[in-house]
Amino acid sequence: MGAGIEITGMGLLLAVGGIAIVIIAIILAFKTYYRRKSAESLSEKYQDQSWGSPLEARAKYPDVNPFNLTGPIFRFGMVAALGLTLLALSWTQFDEAVYIPDDAMDFDEEMEIEPPRTAEPPPPPPPPPPPVIEEVPDEEILEEEEPEFMDMSVEEEQVIEEAPEPVVEDAPPPPPPPPPPPPEPEVAEIFKVVEDMPRFPGCEDVGSKEEKMACAQKKMLEYVYKNIKYPAIARENGIQGRAVVQFVVERDGKITDAKVLRDPGAGTGAEALRVVNAMNDLPQRWTPGKQRGKPVRVQFTLPVSFKLE
């Protein structure tokens with residue numbers, strides 16, 4: 001189409017409706033015309049009419065024969081079909097313009113970010129209670145009697161008999177050893193910078209690695225600022241600022257552990273967190289980050305600007 005005709009969905013709907021109204025009007029006009037013709041005394045007009053051949057007599061009354069208008073009706077149908085085809089080919093869907101601030105990925109001030117924790121160490125055991133020393137009254141102290149001295153000397157010729165071992169009847173078996181403690185769950189390490197950083201979905205068909213990163217960042221910002229809704233209370237009170245959300249891109253591309261690091265207030269931080277968590281509902285997940293060719297967990301920090309126009 002060299003003319004470059006563009007028509008929106010509403011324009012296409014109005015054009016189709018207009019063509020339908022024209023067709024209905026033509027049908028009603030023909031019905032009115034033939035009704036008036038039929039009201040005349042056609043039977044008296046063609047009472048003594050003689051026909052030269054059966055083909056000429058195929059219509060009882062030639063004045064109201066609809067086949068006489070076959071040519072004009074066919075041409076009108078062709079024009080209507082051509083018009084509908086032209087409208088269908090000219091239908092253009094315009095993408096909604098999304099405003100993205102120029103400094104969308106910049107931090108306007110330094111902020112202290114807590115490093116990710118890979119595993120919480122177990123708490124130390126409580127110290128044992130100190131021994132309680134009880135004071136014994138003097139009157140309860142009893143003097144110990146001196147033990148009686150027994151002569152334990154043995155003569156050289158004396159035979160010492162070994163004492164028989166005591167026989168224990170129905171001795172219980174020894175208790176089984178305690179089971180080993182369960183192994184601690186392995187927690188994958190969270191990286192902040194890897195060889196291949198995670199990417200927002202939709203750019204896997206782009207050429208180089210740098211082009212994929214640029215495309216993924218653009219699509220991520222388009223998604224954020226298209227779905228963000230300025231909180232009404234923040235708009236009414238003129239609250240602006242930059243909310244910062246931190247989350248982890250898992251090895252399967254899922255978003256976890258999302259939290260707000262900076263909140264301008266009035267619901268802006270909660271709204272930014274909602275948009276980030278909604279990334280898990282997209283048809284495609286993030287492309288996970290890779291370190292030495294293996295998917296790893298990567299921490300990602302996303303700033304979201306709230307500006308009143």
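Only this structure's heavy atoms are used, side chains among them; waters, hydrogens and symmetry mates stay out. Please read all numbers here as calculations on a predicted model, not as lab measurements.
In this structure a side-chain-to-backbone donor-acceptor pair under 3.5 Å is missing from Asn280 to Lys254. Remark: side-chain polar atoms of Glu271 are paired, donor with acceptor, to backbone N or O of Lys229 under 3.5 angstrom.
The two atoms that bring Cys215 and Val206 nearest to each other are SG-CG2, 4.0 Å, heavy atoms only. Shown here for Asp263 and Gly269, the closest heavy-atom pair between the two residues is OD1-N, 2.9 Å. The minimum heavy-atom distance linking Pro303 with Tyr225 is given by the pair O-OH, 4.2 Å. Closest approach of Phe247 to Leu302, counting heavy atoms only: CE2-CB, 4.0 Å. Nearest heavy atom pair, residue Ala216 against residue Phe200, reads O-CB, 3.5 Å. Shown here for Val298 and Met197, the closest heavy-atom pair between the two residues is CG1-CE, 4.0 Å.
Note: the hydrophobic cluster containing Val79 does not contain Phe76 (ILVMFWY, side chain heavy atoms under 4.5 Å, direct or indirect links). No chain of hydrophobic side-chain contacts below 4.5 Å, direct or via other Ile, Leu, Val, Met, Phe, Trp or Tyr residues, connects Leu14 to Ile21. Each of Ile24 and Val16 belongs to its own hydrophobic cluster when Ile, Leu, Val, Met, Phe, Trp and Tyr are linked at side-chain heavy-atom distances under 4.5 angstrom. There is no path of hydrophobic side-chain contacts, each under 4.5 Å, that joins Leu308 to Ile239.
Note that NZ of Lys192 is 7.0 Å distant from OG1 of Thr301, once rounded to the nearest 0.5 Å. The distance from atom CD of Glu189 to atom CZ of Arg297, rounded to the nearest 0.5 Å, is 10.0 Å. One distance of note links CD of Gln246 with CG of Asp257; it measures 9.5 Å at 0.5 Å rounding.
Ion pairing between Glu222 and Lys219 fails under the 4.0 Å rule for side-chain N and carboxylate O.
The side-chain heavy atoms of Val249 and Arg199, taken from C-beta on, include no pair separated by under 4.5 Å. Annotation: side chain of Lys259 is in contact with side chain of Leu261 (closest heavy-atom distance under 4.5 Å). The closest side-chain heavy-atom distance from Phe300 to Ile255 is not below 4.5 Å.
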Distance-only donor-acceptor hits, side chain of residues 284-293, under 3.5 Å, sequence neighbours excluded:
unit_1 : atom_1 : unit_2 : atom_2 : d
Arg285 : NH1    : Asp252 : OD2    : 3.4
Thr287 : OG1    : Glu204 : OE2    : 2.8
Gln291 : OE1    : Glu195 : N      : 3.0

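The number of heavy atoms from other shown groups lying within 6.0 Å of CD1 (Ile233) does not exceed 12.
Between Asp196 and the options Lys294, Lys209, Lys212, a salt bridge (Lys or Arg N to Asp or Glu O under 4.0 Å) holds for only Lys209.
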Evaluate side-chain contact (heavy atoms from CB on, under 4.5 Å) for Val275 paired with Tyr223, printing each intermediate quantity in order. CA-CA 9 Å; Val275 174; Tyr223 162 80; 3.8 Å; yes
